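Inspection log for the structure reproduced underneath, given as structure tokens.
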Amino acid sequence: MKIAVIGSTGQLGTDLIKTLDDGHEVIGLTHSDIEVSDYNSCLILNEYKPEVIVNTAAFHKTDQCEEEPLKAFAVNTLGARNVALISKELGATAVFISTDYVFDGTRKEPYTEIAVPFPVNTYGVSKLAAEHCTRQNQKHYIVRIASVFGVAGASGKGGNFVETMIKKAKNNEPIMVVDDMWMSPTYTKDAASVLKGILELQLPYGVYHATNKGYCSWYQFAKEIFQITRLNPDLKPTKTDPNYGKAKRPPFSALTSTKLSKYNLEPRDWKEALRAYLIEKGHM
Ligand SMILES: NC(=O)c1ccc[n+]([C@@H]2O[C@H](COP(=O)([O-])OP(=O)(O)OC[C@H]3O[C@@H](n4cnc5c(N)ncnc54)[C@H](OP(=O)(O)O)[C@@H]3O)[C@@H](O)[C@H]2O)c1
């Protein structure tokens with residue numbers, strides 16, 4: 001397949017390029033190649049005539065989305081709409097990368113692909129609206145991930161929660177992490193493999209949850225990072241400060257897939273994925 005990846009130097013984009021390059025013709029588009037919120041800029045896609053367009057581009061700084069809602073809707077929603085329209089014209093499949101933040105987090109059981117979204121912040125609303133726009137192209141996959149870690153780091157700049165924790169531990173800083181927010185971590189390498197499988201097996205179009213298996217609180221996630229790396233910082237659990245940040249966050253946004261196991265595509269447990277990441281990143 002000829003596959004275009006928008007946001008190719010980002011955290012997920014980097015692993016998508018590596019993973020899809022094995023067996024496919026991959027075109028990586030960076031932010032300097034394409035501005036998803038600008039329809040005319042997106043016309044660059046016509047030059048490559050891809051059969052699949054994967055859009056990983058996003059304005060995903062949750063608190064900043066509250067301050068800059070127009071930017072959130074321009075990049076996330078209009079961007080998805082532009083990709084949906086152009087992919088439809090090309091007869092290509094549109095893949096939109098979405099988020100656990102489309103849910104309100106009031107449940108105590110992981111959200112499946114058929115759970116009803118109800119976002120509680122601007123970022124989540126802009127991504128849910130983007131999911132709807134993506135459906136303008138009947139040939140679409142909406143792939144939801146959450147709490148991402150990958151070797152490239154956010155925006156390809158090396159940073160993510162795991163790296164922040166390790167840096168703090170090595171600096172002997174006391175660390176407080178919330179134990180009342182639950183999520184399913186996602187190793188970008190595993191999410192990239194899931195997407196590759198979805199495309200190669202030509203799974204039915206629709207929504208897929210591609211987080212690693214299981215879930216944890218952010219405190220448990222931090223604890224596991226230190227257990228695996230044998231670092232021993234002063235780590236303490238804390239409660240969410242209701243005044244922290246501008247955006248409301250879903251307290252329980254764990255995801256699970258009821259679809260992927262049928263195709264042997266279910267990603268491994270998050271602890272195994274974390275260990276693999278730490279090895280790949282050279283932390284052990
Ligand atoms: N990170 C998470 O924890 C998380 C959780 C759930 C879902 N997601 C979703 O997963 C996807 C990938 O996340 P990620 O962590 O890989 O993000 P990332 O590292 O920030 O990568 C996004 C890429 O898109 C590019 N980009 C940003 N705005 C753009 C625009 N307007 N037009 C074209 N390109 C643009 C960025 O380039 P520049 O950096 O040069 O601007 C970057 O290369 C996003 O859709 C996000 O909403 C992420």
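All of these numbers come straight from a predicted model, not from anything done at the bench. Order of listing sets the numbers, starting from 1, for every ligand and every atom in it.
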Same cluster for Leu265 and Met1 if Ile/Leu/Val/Met/Phe/Trp/Tyr side chains link at under 4.5 Å?
yes
of all protein heavy atoms, closest to atom 33 (C) of ligand 1 is Ile34 O, 3.1 Å
Just do the ring-ring contact (aromatic ring centres under 6.0 Å, His included) check on Phe118 and Phe103 with the steps written out, would you?
CA-CA 5 Å; Phe118 192 87; Phe103 296 111; over 10 Å; no
Ranking Asn76, Val5, Asp15, Thr56 by closest non-hydrogen atom to atom 44 (C) of ligand 1, top hit is Thr56
Pair Asp63 + Lys61, salt bridge at N-O below 4.0 Å
no
Taking CD in Glu89 as the centre, count heavy atoms belonging to other residues, nucleotides or ligands within less than 6.0 Å. Is the count above 12?
no
Does an N or O anywhere in Leu12 fall below 3.5 Å from an N or O of ligand 1?
yes
Distance to 0.1 Å, residue and atom name: give those for the protein heavy atom nearest to atom 18 (P) of ligand 1.
Ser155 N, 3.4 Å
So is Ala146 touching ligand 1 or not, going by heavy atoms under 4.0 Å?
yes
Are Val54 and Val194 joined in one hydrophobic group, where the rule is that I, L, V, M, F, W and Y side chains link up if heavy atoms are under 4.5 Å apart?
yes
So that I know where these two stand, are Tyr141 and Phe96 an aromatic pair - ring centroids less than 6.0 Å apart?
no
Taking 4.0 angstrom as the limit, do Lys18 and Asp21 come out as a salt bridge?
no
If you look at every heavy atom in Lys168 and Ile175, which pair is closest and at what distance?
CB-CD1, 3.7 Å
For ligand 1, which is the ligand I care about here, please tell me if Gln11 has any N or O atom under 3.5 Å from one of the ligand's N or O atoms.
yes
Quick test of your reading of the structure: of Ala57, Ala74, Gly28, whose heavy atom lies closest to atom 24 (O) of ligand 1?
Ala57
Could you go through the side-chain hydrogen bond (donor to acceptor under 3.5 Å, both in side chains) check for Glu163 and His283 one step at a time?
CA-CA 10 Å; Glu163 296 308 310; His283 287 302; 3.0 Å; yes
Tell me, which protein residue and heavy-atom name are nearest atom 25 (C) of ligand 1, and how many Å apart are they?
Gly7 CA, 4.0 Å
Against heavy atoms of Thr9, which atoms of ligand 1 measure under 4.0 Å?
43 (O)
Between Glu200 and Lys196, does any side-chain N to carboxylate O distance fall below 4.0 Å?
yes
For atom 7 (C) of ligand 1, what's the nearest protein heavy atom and its distance?
Ser98 O, 3.4 Å
Would you check whether His31 has a nitrogen or oxygen atom less than 3.5 angstrom from a nitrogen or oxygen atom of ligand 1?
yes
Of all the atoms in ligand 1, which lie at a distance below 4.0 Å from a heavy atom belonging to Gly10?
19 (O), 21 (O), 42 (C), 43 (O)
Check each of Val148, Leu255, Leu29 against atom 48 (C) of ligand 1 and report the one with the nearest heavy atom.
Val148
Would you check the N or O atoms of Val36, main chain and side chain alike, for any that come under 3.5 Å of an N or O of ligand 1?
yes
Heavy-atom proximity to atom 27 (C) of ligand 1, picking from Ser37, Ala58, Ser8, points to Ala58
Tell me, with the steps shown, if Leu195 and Tyr208 meet side chain to side chain contact (heavy atoms under 4.5 Å, CB included).
CA-CA 9 Å; Leu195 180 53; Tyr208 290 87; over 6 Å; no
Nearest protein heavy atom with distance in Å, relative to atom 20 (O) of ligand 1
His60 NE2, 2.8 Å
Please classify the Val75 to ligand 1 contact at 4.0 Å (heavy-atom distances, strictly less than): side chain, backbone, both or neither.
side chain
Check whether any N or O atom of Tyr123, backbone or side chain, sits under 3.5 Å from an N or O atom of ligand 1, and answer yes or no.
yes
Hey, does Ala154 sit under 4.0 Å from ligand 1 if you only count heavy atoms?
yes
For Phe221, run the side chain to side chain contact (heavy atoms under 4.5 Å, CB included) check against Phe161, Trp182, Tyr215 and tell me which one passes.
Phe161
Nearest protein heavy-atom contact for atom 6 (C) of ligand 1: which residue, which atom, what distance?
Ile145 O, 3.3 Å
Please examine the side chains of Lys236 and Tyr219, heavy atoms only from C-beta on, and report whether any two atoms are closer than 4.5 Å.
no
When you measure from atom 31 (N) of ligand 1 to every protein heavy atom, which one gives the shortest distance, and what is it?
Glu35 OE2, 2.8 Å
Lys127: numbered ligand 1 atoms lying under 4.0 Å from its heavy atoms:
44 (C), 45 (O), 46 (C), 47 (O)
Between Asn160 and Tyr277, is any pair of side-chain heavy atoms under 4.5 Å apart?
yes
Which of the atoms in ligand 1, numbered in the order shown and given with their element, are less than 4.0 Å from a heavy-atom of Ser147?
3 (O), 5 (C)
